[in-house]
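Residue numbers start from 1 in every chain, and the chains themselves are labelled A, B, ... in the order their sequence lines are given, proteins ahead of strands. Only heavy atoms go into these numbers, but all of them, side chains included; no hydrogens, no water, no symmetry mates.
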Amino acid sequence: MKIARIIVDVPSSQTNRLFDYKVPERLEDVVQIGMRVIIPFGPRKIMGFVLELTSDSNVDKLKNIQDVMDLTPVLTPELVEVGKWIAETTLCFYVSAFQAMLPQVLKAKYEKELWLLAEPEELTPSLEQLFGGRGVIPYEELKEHNLSYSAIQKGIQEGLMEVHYNVNSKETKKKETYITPGVPIEQLEEMYVDIPSQAKKQKQIISYFLEKEREEVRQKDLLGTLATTRASLKPLLDKGLLKEVHKEVYRDPYQNREYEPTTPFALTDEQSAAISPIHKSISTKQHEPFLLHGVTGSGKTEIYLQSIQHVLNNGREAIVLVPEIALTPQMVERFKGRFGSRVAVLHSALSAGEKYDEWRKVQRKEVQVVVGARSAIFAPFENIGIIIIDEEHESSYKQEDYPRYHARDVAIRRGEYHQCPIVLGSATPTLESFARAKKGVYTLLSLHKRMNEASMPEVERVDMREELHAGNRSMFSRSLYDKMQERLQKGEQTVLFLNRRGYSTFVMCRDCGHVMECPHCDIALTYHRRNERLKCHYCSYEEGMPDKCPSCESDSIRFFGTGTQKVEESLQHMLPEARIIRMDVDTTRRKGAHERLLTKFGNQEADILLGTQMIAKGLDFPNVTLVGVLAADSLLHLPDFRSSEKTFQLLTQVSGRAGRHKLPGEVVVQSYTPEHYSIDLASQYDYESFFQKEMNMRKMFQYPPYYFLTLLTVSHPNHLYTMDVTQKMSQFLREQLSERSVILGPTPSPLTRIKDRYRYQVMIKYRNEPMLIKVMNRLFQLYEDDVQNKDLQVTIDFQPYQMM
DNA sequence: AGCACGCCGACT
DNA sequence: GTCGGCGTGCTC
């Protein structure tokens with residue numbers, strides 16, 4: 001007897017284990033590991049993932065698998081193992097890990113229906129009204145009718161009706177109809193003669209196939225070329241001369257685009273030296289992690305491309321991860337240009353259907369290269385030859401919601417399985433990675449020089465306090481203003497960077513200092529100019545703009561801070577002749593808007609590109625010779641131990657946008673604390689000194705990479721209860737963990753209240769804590785009951801990036 | 001997570 | 001009595 005061991009689609013601690021099911025005879029050759037199946041579970045039917053196939057079970061009364069949902073497994077055996085590992089190391093449910101690895105559309109959808117078994121006359125009047133002459137009704141309709149639950153229950157007991165559970169998958173495959181001869185060509189010729197002469201169009205269609213012995217034609221094309229309709233095709237199909245074939249076509253968002261084919265560039269000496277260890281690792285099938293540290297514009301991408309070429313020549317596959325924000329058409333073009341249709345692209349701007357189609361291309365091995373954001377690390381390849389993570393320092397590689405995995409860790413795990421190299425590339429590696437490279441855990445490859453012998457642009461730091469003392473109250477320093485004007489005269493372009501986070505537009509009373517805050521989240525509300533309303537970014541609470549201060553009744557309540565819109569207005573006022581493009585969430589919301597604006601800027605239809613984080617990366621415009629950073633220190637003062645590192649990374653990235661080609665570039669960094677080491681060293685492009693300095697700070701304050709962090713967050717609507725539970729948990733951790741570990745807290749979370757829930761946290765700092773996962777599991781068990789029945793929420797984040 | 005079962009108070 | 005509230009325990 002064939003038994004399948006299954007993870008059921010019920011994310012709860014009690015069901016987070018394998019359940020055994022019999023494989024019915026008709027499915028014996030169909031069911032495979034990694035497949036989604038439909039199974040009866042209690043009174044209902046749900047989806048489950050087959051993880052194991054065996055022949056015996058400890059459970060005596062087994063139910064049958066009802067049906068399969070896939071014909072090809074959606075998870076390869078390797079990915080099943082990866083999913084289990086994610087669940088066990090990030091403490092999430094198995095089913096949640098598997099869901100996170102698959103396209104959204106493969107998530108099961110459930111619906112409940114009520115089926116009428118008896119004749120309508122046998123029903124009570126209220127039930128008869130409920131069915132209204134129909135045989136099946138959606139279960140939800142019960143709520144609309146004023147029927148008691150027991151009346152339904154009674155009806156079911158009496159056998160008048162029945163509850164049906166349906167399991168569906170949302171995936172749809174786009175199909176296209178093709179027409180092909182239904183009989184051999186000689187026979188078709190004979191039958192052609194028999195077509196009555198008045199059926200002119202039918203004869204035309206058949207001769208179309210006979211002429212060039214055509215095998216298969218798209219129906220759309222056929223009817224188009226012959227200027228006819230399906231009316232004349234139909235009889236031929238009915239008589240069997242021709243037949244229809246339905247073929248799956250992919251929704252290809254890039255299909256109407258042409259990519260300029262590119263050929264490999266000759267590598268510089270530095271590049272050659274960096275690429276040869278990677279090639280060696282590919283050829284010898286040795287797993288090895290590399291850290292490729294190369295200044296902006298040093299040609300890291302070319303190294304990726306040539307390494308991938310080497311992998312493809314070996315008949316293997318490649319995964320390239322790029323931060324979401326850098327996954328621009330320019331970036332895609334570079335890969336499609338080199339590898340054409342062998343590339344699939346996976347990122348969040350695609351529709352669910354498009355994402356599924358790209359994923360299917362990978363599943364069917366129709367492509368060998370995947371370029372995508374974080375979740376592309378789960379591409380179902382089975383013969384991976386290289387995994388590349390570009391801009392390795394980007395925090396978006398860590399998923400900030402459940403399951404909290406880091407793509408870099410998954411990459412290394414997959415690299416070990418496939419025995420292939422992992423390349424982490426960055427101009428500003430995370431301290432963690434650079435420290436590992438120094439220790440020899442990663443192999444360090446360095447590119448110090450820019451290509452085209454371009455030099456890094458000169459950086460001028462402007463002290464905005466001095467500007468104010470000199471009577472300049474505008475948001476542009478005199479120096480930046482002069483330089484922008486100069487660019488306008490010379491017909492060169494400027495990129496202005498504004499860090500939005502530091503510029504949030506909050507509303508404050510100038511008389512008493514009262515700040516408008518969200519009543520549920522304890523954070524400042526953001527002023528939205530368009531409809532004059534105040535919104536909370538965390539819970540979407542909103543209210544109108546007050547005309548009097550609610551605290552002191554003064555009418556000098558105003559909004560403060562600056563958004564890109566405000567900067568644009570001021571800029572237009574100062575430089576009326578400048579053509580400005582603003583890029584922020586508002587102007588790029590519509591599909592394709594991002595690309596259109598960049599193309600416009602690339603075609604020099606604008607002089608100044610003003611934007612937020614989204615323009616900090618990957619842009620490469622030859623005519624840009626000036627980059628302005630409006631508030632370099634706005635990131636520095638966030639409550640985050642990585643703020644210096646983030647500032648250094650951001651300034652380096654932004655500076656890299658200028659003078660990448662023939663024209664030399666210049667950078668102006670405006671700041672209220674220009675002497676801070678991260679601003680100072682970024683302006684000198686001195687990564688090494690920054691690394692040393694920041695490492696000292698981290699050592700002193702016991703932060704990563706010297707210590708590991710784990711963040712435990714507890715939330716509940718009741719304030720006292722939350723504090724109490726968090727207190728007990730921290731006590732438990734102090735008792736269970738080693739004495740050398742530091743347990744901070746409980747402290748209120750930086751966002752103390754979100755959606756009417758109080759949040760407290762405990763931070764654990766440790767160097768070596770092999771029992772941590774076990775201890776955490778035990779902690780979860782202790783509070784399982786409260787989580788299930790008392791609305792308690794407990795989240796655990798190993799190696800958190802965001803402390804909130 | 002659902003869903004059934006069972007115990008309890010509130011009502012026709 | 002019976003209806004419906006909620007706590008408890010189970011799902012191969």
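Between A:Arg414 and A:Glu78 there is a salt bridge, since a side-chain N of the basic residue sits under 4.0 Å from a carboxylate O of the acidic one. The existence of a salt bridge linking A:Lys728 and A:Asp724 is confirmed by a sub-4.0 Å separation between a basic side-chain nitrogen and an acidic carboxylate oxygen. Salt bridge A:Lys365/A:Glu382: present, at least one basic N to carboxylate O contact under 4.0 Å. With salt bridges taken as basic N to acidic carboxylate O contacts below 4.0 Å, none links A:Arg413 and A:Glu416.
Contacts between residues 11-39 of chain A and DNA chain B, counted as heavy-atom distances below 4.0 Å, involve A:Pro11, A:Ser12, A:Gln14. The stretch residues 40-68 of chain A touches DNA chain B through A:Pro43, A:Arg44, each having a heavy atom under 4.0 angstrom from the strand.
At least one test fails for A:Arg404 against the ring of A:Tyr402: distance under 6.0 Å to the centre or angle within 45° of the axis.
In this structure, A:Ile6 places its CD1 atom 16 Å from P of C:dT11, rounding to the nearest Å. Atom CD of A:Gln788 is separated from atom P of B:dC3 by 15 Å (rounded to the nearest Å). Going from atom OH of A:Tyr165 over to atom P of B:dA4 covers 6 Å, rounded to whole Å. Here the P atom of nucleotide B:dG2 and the CG atom of A:Asn166 are 15 Å apart, to the nearest Å. Distance, A:Tyr94 OH to C:dC12 C1': 17 Å, rounded to whole Å. Remark: P of B:dA4 and CD1 of A:Ile152 are 13 Å apart, rounded to the nearest angstrom. Regarding A:Asn789, its CG atom lies at a distance of 18 Å from the P atom of C:dG5, rounded to whole Å. Atom CG in A:Asp786 sits roughly 14 Å away from atom C1' in C:dG7 (whole-Å rounding).
Residue A:Phe93 is out of contact with every strand shown, counting any heavy-atom pair closer than 4.0 Å. Nucleic acid contact class of A:Lys112 (heavy atoms, under 4.0 Å, all strands): sugar-phosphate only.
The shortest distance between the side-chain N/O atoms of A:Tyr110 and the OP1/OP2 oxygens of B:dA1 is not below 4.0 Å.
The shortest distance between side-chain heavy atoms of A:Arg44 and A:Val10 falls below 4.5 Å.
Taking a 6.0 Å sphere around CZ of A:Phe708, one finds it holds 12 or fewer heavy atoms contributed by other residues, nucleotides or ligands.
At distances below 3.5 Å, at least one donor-acceptor pair connects side-chain atoms of A:Glu354 with backbone N or O atoms of A:Ser351. The closest donor-acceptor contact from the side chain of A:Ser96 to the backbone of A:Cys92 lies at 3.5 Å or more, if one exists at all.
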